[in-house]
Amino acid sequence: MLTRVKSAVANFMGGIMAGSSGSEHGGGGCGGSDLPLRFPYGRPEFLGLSQDEVECSADHIARPILILKETRRLPWATGYAEVINAGKSTHNEDQASCEVLTVKKKAGAITSTPNRNSTKRRSSLPNGEGLQLKENSESEGVSCHYWSLFDGHAGSGAAVVASRLLQHHITEQLQDIVDILRNSAVLPPTCLGEEPENTPANSRTLTRAASLRGGVGAPGSPSTPPTRFFTEKKIPHECLVIGALESAFKEMDLQIERERSSYNISGGCTALIVICLLGKLYVANAGDSRAIIIRNGEIVPMSSEFTPETERQRLQYLAFMQPHLLGNEFTHLEFPRRVQRKELGKKMLYRDFNMTGWAYKTIEDDDLKFPLIYGEGKKARVMATIGVTRGLGDHDLKVHDSNIYIKPFLSSAPEVRVYDLSKYEHGADDVLVLATDGLWDVLANEEVAEAITQFLPNCDPDDPHRYTLAAQDLVMRARGVLKDRGWRISNDRLGSGDDISVYVIPLIHGNKLS
Amino acid sequence: MTYAYLFKYIIIGDTGVGKSCLLLQFTDKRFQPVHDLTIGVEFGARMVNIDGKQIKLQIWDTAGQESFRSITRSYYRGAAGALLVYDITRRETFNHLTSWLEDARQHSSSNMVIMLIGNKSDLESRRDVKREEGEAFAREHGLIFMETSAKTACNVEEAFINTAKEIYRKIQQGLFDVHNEANGIKIGPQQCISTSVGSIASQRNSGDVESNSGCC
Ligand SMILES: Nc1nc2c(ncn2[C@@H]2O[C@H](COP(=O)(O)OP(=O)(O)O)[C@@H](O)[C@H]2O)c(=O)[nH]1
Ligand SMILES: [Mg+2]
């Protein structure tokens, strides 16, 4: 993503087969920090690699595909495989972590008023909500499955830190609302500490009727509590989870910002995480990794990418509102190509933050500046520097040879999508695939789905490694084999020279949850 | 821990011949009768001493099954040595050597040193392939040959070290371009002692104390 920074690092380190664990100290060209690392560089903890194994894995010539060891299991028999880049950076800058979190109400945390509905009442709800309580008795807390994937740039620091710490921020955010979430029969209280209205979550019509009467007073039925406001938004439970994830991403980013005064936390990273909580999957994505569900051979996209192209209007608007962020060197307008001085006074096609189409404008001096967003597709950059517009870290990233910070244009906010596992009966070959852009750059969703639907039915359904083997197969298809003219995949297309990391998460385990 | 050279090895051969056991015996000096099936690639490392020089061996243990063949093939590149293993109690593993050798020759650098290993020599009573047959195959194809037992550790040390000696000899003869890391050889960090390389496994058995070179 940071081509310029990256090649400088690669040149400095000499690339290939480099494995000295100390290479992050002293900067390696990325900042020259004397501060200690927050965490040492390594591969995902769940791979359980020794220092020697990490060293072997960093072979940019043979590019070994690392998979979960036989003795190690991830929750839900999740499959995982990864491979290092073809030499663009010494380290594999992707990171991952996966664990089962237990969310317990913090002692002394804010409490919602205890729910008076009995368990019997809850489990009798027609949609089956509330049944999850069976497996999580109140005192033990709620279990939350967590998968994460980070794609680092300009150093591995931020990705390593995020892979170790983001889950704690998520747990912390969920702790505050865990009691509300498990009380699925009652909509989340708008204001904590007040008597709940005791409105069943599935009786919207009643609520709406009540709110229509609102203000007039004198409710028709004595069981309807008095309405205090004319309208009140009904916030479903899942929106609190989404909010918790969004807050967790922000807190993670703030922590990196704070701690970089005492630690060397190099670069930045994209973040794609999935949690499974109370029967629903929440996919939160900030960056250009991607998640898709492959169900019965069909593709259900679960994320969208955030790049200079997809976020052009947001970035242009910010620059329009706060032109000082451009340091007098860039224009927020987009033109189909660089404007030349001799074209001053002529009319040229352009677009501003408010446009998706194009119009003509008379070229002025300001339009000669370098465009805020420049380049197409994978080469599109913000201020000629970065190709991804959401993620964590990058607080010190500046435009080359300038004092212009990039961070104001980057957002740590994820887009969160929800998937209700209970809505479908999943088979053993229905999976959620998470992967960094190394995979998606060379394989289309359809090709990934085809590979999975070819591979999995040929594996023994009881083989605990089947999803890891499927992940290995995907990485192999995206990496390809080294030929005279570089890494090649099927149809002699160019393989991915990037770091590639892939999870294959079977959804059949979701059936048991509901 | 510093070293003069790093050599990369790859272990190949049919599944079940004892590749993973040989690696474990060499790096950890133990035999684990039930070893999990290798389904990807696994790594080991150990320091050895050749001619007074510390040499780090980085060993890649591969999956032998046919279904992983294309992945395994992609790992030959950048290997300086290969241990091609068959099981002396199973003739078919010996019969498959030609196909393994073809793969190795086609996908590796031409100078790769190949050591042919007839493993499970402790199972003399169940022997299915005569030692002479292994020797003849090796002679015919220009390989070094040894019979080993990953169980009793007989010849295991020698198999790995003799391969290293042969690579070292080729370096001294100028047959290897040590600056091209695609040959599976890397010159050790001379300028600067790396901070914490080397797990317990690689430090054990490393022979004499490492030389104190460099500036740091
Ligand atoms: N008796 C004996 N058994 C061995 C020896 N080496 C390996 N084995 C056994 O052969 C089987 C396969 O070994 P393994 O290392 O997994 O084979 P790989 O598939 O080539 O890696 C295991 O059950 C080992 O216990 C040996 O030298 N002697
Ligand atoms: Mg094995």
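Residue numbers begin at 1 in each chain, while the letters A, B, ... track the order of the sequences.
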Atom CD1 of B/Ile39 and atom NE2 of A/His465: how far apart are they, to the nearest 0.5 Å?
-> 4.5 Å

Roughly how far apart are B/Ile71 CD1 and A/Ile67 CD1, rounded to 0.5 Å?
-> 8.0 Å

Determine whether B/Lys8 and A/Asp59 make a side-chain contact, defined as any pair of heavy atoms from C-beta on separated by less than 4.5 Å.
-> yes

Any ion pair linking A/Lys69 and B/Asp36 (charged N to carboxylate O, less than 4.0 Å)?
-> no

Show the numbers, then the answer: is there a salt bridge (Lys or Arg N to Asp or Glu O under 4.0 Å) between A/Asp52 and B/Arg46?
-> CA-CA 9 Å; A/Asp52 275 326; B/Arg46 210 189 103 178; over 6 Å; no

Verify the neighbour count for atom CD of A/Glu447: are there more than 12 heavy atoms of other residues, nucleotides or ligands below 6.0 Å?
-> yes

4.5 Å side-chain heavy-atom contact, B/Ser74 and A/Arg63 | no

Relative to chain B, which segment of A/Leu482 carries a heavy atom at a distance below 4.5 Å: side chain, backbone, both, or neither?
-> both

Should we say atom CZ of A/Arg493 is surrounded by more than 12 heavy atoms from elsewhere, each under 6.0 Å from it?
-> yes

Over all heavy atoms of both residues, which pair between A/Ala62 and B/Arg77 is shortest? Give the atoms and the distance, please.
-> CB-O, 3.7 Å

By a 4.5 Å heavy-atom criterion (distance strictly below it), what part of B/Tyr76 contacts chain A: side chain, backbone, both, or neither?
-> neither

Taking every heavy-atom pair that is under 4.5 Å apart, which of A/Ile65, A/Val481, A/Leu49 has the most such pairs with chain B?
-> A/Ile65

Relative to chain A, which segment of B/Ser70 carries a heavy atom at a distance below 4.5 Å: side chain, backbone, both, or neither?
-> both

Rounded to the nearest 0.5 Å, how far does CG of B/Asp61 lie from SG of A/Cys56?
-> 11.5 Å

Is there a side-chain contact between A/Val54 and B/Phe43, using heavy atoms and a 4.5 Å cut-off?
-> no

Please step through side-chain contact (heavy atoms from CB on, under 4.5 Å) for the pair A/Ile61 and B/Tyr75, ending with a clear verdict.
-> CA-CA 9 Å; A/Ile61 293 176; B/Tyr75 298 144; over 6 Å; no

Scan residues 467-476 of chain A for pairs that pass side chain to side chain donor-acceptor pair (under 3.5 Å), counting only residues two or more places apart or in two chains.
-> A/Asp473-A/Arg477

Closest approach of A/Pro64 and B/Val41, non-hydrogen atoms and distance?
-> CB-CG1, 3.9 Å

By a 4.5 Å heavy-atom criterion (distance strictly below it), what part of A/Leu66 contacts chain B: side chain, backbone, both, or neither?
-> side chain

